[in-house]
Each structure stands twice: as structure tokens, then as C-alpha cells.
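Comments concern the structure below.
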Amino acid sequence: MEELIWVAGHRGMVGSAITRLLESQGRKVITVDRSVLDLRRQPEVEFWLRANQPTAIIFAAAKVGGILANSTYPADFIYDNLTIQTNIIHGAHKAGVDRLVFLGSSCIYPKLAPQPISETALMTGPLEPTNQWYAIAKIAGIMSCQAYRQQHGRRYISVMPCNLYGPNDNFDLETSHVIPALMRKFHRAKREGASEVVVWGTGTPLREFLHVDDLARGVVFCLDNYDEYEHINCGAGFDVTIREIAETIAGVASFKGALTFDTTKPDGTPRKIMDSSRIRALGWKPEISLEEGLKSAYGWYLENVAQAPR
Ligand code: GDP
């Protein structure tokens, strides 16, 4: 059977990176626009899957957002994610699609999990409250893949990325993650000649950041080489404080002013570096350094967002 990979969520940062990579490898990809197929509508998803018959699905469709968006819109985060993944996973099985790669997030792990966090830490303690709605949906997604594997022999797997950044990220200050938010804030401060930029929280939390192109290689690597019941971590292998990432982005954006910390904003989990030794032992490793990745992501932002008409 000729390979046909459906990248669900191809317009997002992760889905677009995976689509770019697969196409550069000459592989056949199918996508469908949101205006044509609403992934929250079960009969429509099932119909589309039967009509198009992909041989594999990469699940990069999700309602995602930063710390504030997650705690402000808990209903949207739990409803959209549970519905979309249930429709696609069940629909895939019904349509006879035997291969699926589900994507989650390091926020599935307990808030105070031992660091670095190995795959076995799942469900060993309470979640970080700011993103627990999203995390619970993602945990249900991992278990759905396991359930269809156990009951129906489907080769559905789950990959857990750390915090990601890169082209096609969300640069909206209210809903974005920290890297795109700071790129935008530093750019604006420089343009307006402002002397300081506000960073949320205390600056002390640690985060593990991976360029989305490295993640895309990890996901496609798993599509081709990983077929286990257990989910697998895919992270950079080191973490930095929010203060450090802010200072690095300030350097990339040539902002020379001061950083101030708004401690009325949440810090979230203190640390969530993953143990990615399993995927590394299989043969994947990151190739883009943080400095290099931030420079190219900032360049993308300048060309595609900062200068775009609003
Ligand atoms: P998280 O990993 O789920 O907490 O996702 P975020 O990327 O939204 O936040 C990571 C950390 O960066 C948190 O400690 C935030 O408080 C901090 N942070 C600092 N400034 C900002 C900002 O402007 N936007 C966001 N989203 N986070 C920020």
C-alpha cells in the first residue's frame, strides 16, 4: 500500500514543521483545512477518514496556549482536546488506519516529579494546576492509544515533547508561550525606545526548550522506528531559567534595557526537564542549539509577524 500521511493540525507550529520535513523527504502528505473539516465533529471526521484513507496519522491538532491561556480558558482546553483526539483516534480505528503518532506535552507529568522526568513518572502525583485541564486531556490521549493497541492491535504511539518554539508559533501576548511573547515584547520595546520589558513571574522557573524542527525529526523518527505501548519523551536534554531565556532573547533582539519581573503573574511548575534517554538510545538527538534556534525563530518573527499588516 502506498504511504499517505495525514498531518492533522498542519497550520500550527508543530504540524507545519512535520509537514515541511515529510515533504522534503518526498513523502506523500495529506492535510485538510479547518474551514473544510471541524475536528470536533465526530461524524464528519469519520466520513473524512473513510473517504481519504491515510495509511498513517500524525496528530498535531490541539488547542494549545501559554500559562495564562490555559488557566483562563479551562473549558476550551479540556473540551477541544478531548473531543478532537477521541474523534481522530476512534475514527482512525474505524477507517482501518493502523498507524498513528499522538503528540502530548511535558505538562502531563506531576508538578513535583523527580527530575529529569522519565516516562514512568506519569500519574504518580498531582498535576500543575495552571495547565491541568490540557494535561488531563493529553493523558487521556496517551491512554486512548494504549487502549486501541491493547484491544485492537493498532500500532498507535505517543510522543511527549518539551516546551517548543520556532516558525508559525503564536505571538499573541495573552495566549502565547514565553519565547514568542518575549520576542514580541523586546521587539516592541526596541522600536518604541522603552527602557524596560516586563517578564512574568519570578524568573526562576526552569524550562526545557526544543526547536520545532528538531521535534519534527523526532516525531518522524518515531513514526518510522518506534512501536511500543509506552509513550516516549522527546526533549532538548537541558533546561534554562526564565531569566536566562529572557536575557538570551534580549541579546538576539539587541534590546539593551532592563528586565523587570511581574510576580503577580504565575510561575507555573518550578521545573519540568524530561529524561529523553530512551529516544536518544534509539538514535534521535537534537541538532539545533538554543542560540541558533532563537536567532532563526526571531528572524522568522521579524519577517512574518512583526512586519505583517494588522
Ligand atoms: P508553561 O511551560 O506551561 O508554564 O508555559 P509558558 O511558556 O506560558 O510559561 C513558561 C514560564 O515563562 C512561566 O513561568 C511564565 O510565568 C514565564 N513567562 C515570563 N514571561 C512570560 C510571558 O510574557 N508570557 C508567557 N506565556 N510566559 C511568560
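Quick note: residue numbers are just sequence positions, from 1. As the structure lists them, so they are numbered: ligands from 1, and atoms in each ligand from 1.
- Placement of L122 and Y148 within a single hydrophobic cluster is found when ILVMFWY residues are connected by side-chain heavy-atom separations under 4.5 Å, directly or transitively.
- Taking a cut-off of under 4.0 Å to the non-hydrogen atoms of N163, the atoms of ligand 1 that pass are 2 (O).
- Checked for salt-bridge contact, D169 and R184 miss the test: no charged N lies under 4.0 Å from a carboxylate O.
- Counting heavy atoms of neighbouring residues, nucleotides and ligands inside a 6.0 Å radius, atom CZ of R34 does not exceed 12 of them.
- Taking the ring centroids of F102 and Y156, they lie at or beyond the 6.0 Å cut-off.
- In this structure, K190 fails the cation-pi test against F255, since its NZ or CZ atom is not both closer than 6.0 Å to the six-membered ring centre and inside 45 degrees of the ring normal.
- Ligand 1 has no N or O atom lying under 3.5 Å from any N or O atom of A181, backbone or side chain.
- Those atoms of ligand 1 with a heavy atom of K185 less than 4.0 angstrom away are 22 (C), 23 (O).
- The residue L68 has no part lying near ligand 1, judged by heavy-atom distances below 4.0 Å.
- Remark: ligand 1 atoms within the under-4.0 Å shell around heavy atoms of K272 are 1 (P), 2 (O), 3 (O).
- R99 and D227 are joined by a salt bridge, as a carboxylate oxygen and a charged side-chain nitrogen come within less than 4.0 angstrom of each other.
- Taking the six-membered ring where the residue is Trp, the centroids of Y165 and H177 are separated by 6.0 Å or more.
- Using a 4.0 Å cut-off between charged side-chain N and carboxylate O, R217 and E287 make a salt bridge.
- Where the criterion is an N or O separation shorter than 3.5 Å, residue side chain and backbone included, I67 meets it with respect to ligand 1.
- The nearest non-hydrogen atom to atom 17 (C) of ligand 1, considering only F261, F209, W200, comes from W200.
- Among all protein heavy atoms, the one lying closest to atom 5 (O) of ligand 1 is H177 CD2, 3.6 Å.
- Each of the following atoms of ligand 1 lies closer than 4.0 Å to a heavy atom of S176: 26 (N).
- Close approach of ligand 1 to D267 is summarised as follows: ligand atoms under 4.0 Å from at least one heavy atom of the residue are 13 (C), 14 (O).
- A salt bridge is absent between K285 and D214: the closest approach of a Lys/Arg side-chain nitrogen to an acidic carboxylate oxygen does not fall below 4.0 angstrom.
- Ion pairing of R278 with E230 is present here, as a side-chain N (NZ or NE/NH1/NH2) and a carboxylate O approach within less than 4.0 Å.
- Heavy-atom proximity to atom 16 (O) of ligand 1, evaluated over P266, S106, G201, is greatest for P266.
- Each of the atoms 8 (O) of ligand 1 lies under 4.0 Å from some heavy atom of G66.
- Of the protein's heavy atoms, V178 N, 2.8 Å lies nearest to atom 7 (O) of ligand 1.
- Counting the atoms of ligand 1 from 1 in the order shown, those under 4.0 Å from a heavy atom of N131 are 3 (O).
- Among all non-hydrogen protein atoms, the one lying nearest atom 11 (C) of ligand 1 is I242 CD1, 3.5 Å.
- With hydrogens left out, the protein atom closest to atom 4 (O) of ligand 1 is R207 NH2, 3.0 Å, a heavy atom.
- The N/O atoms of L173, backbone and side chain alike, include none that comes under 3.5 Å of an N/O atom in ligand 1.
- Here R27 pairs with E3 in a salt bridge; the nearest charged N to carboxylate O distance falls below 4.0 Å.
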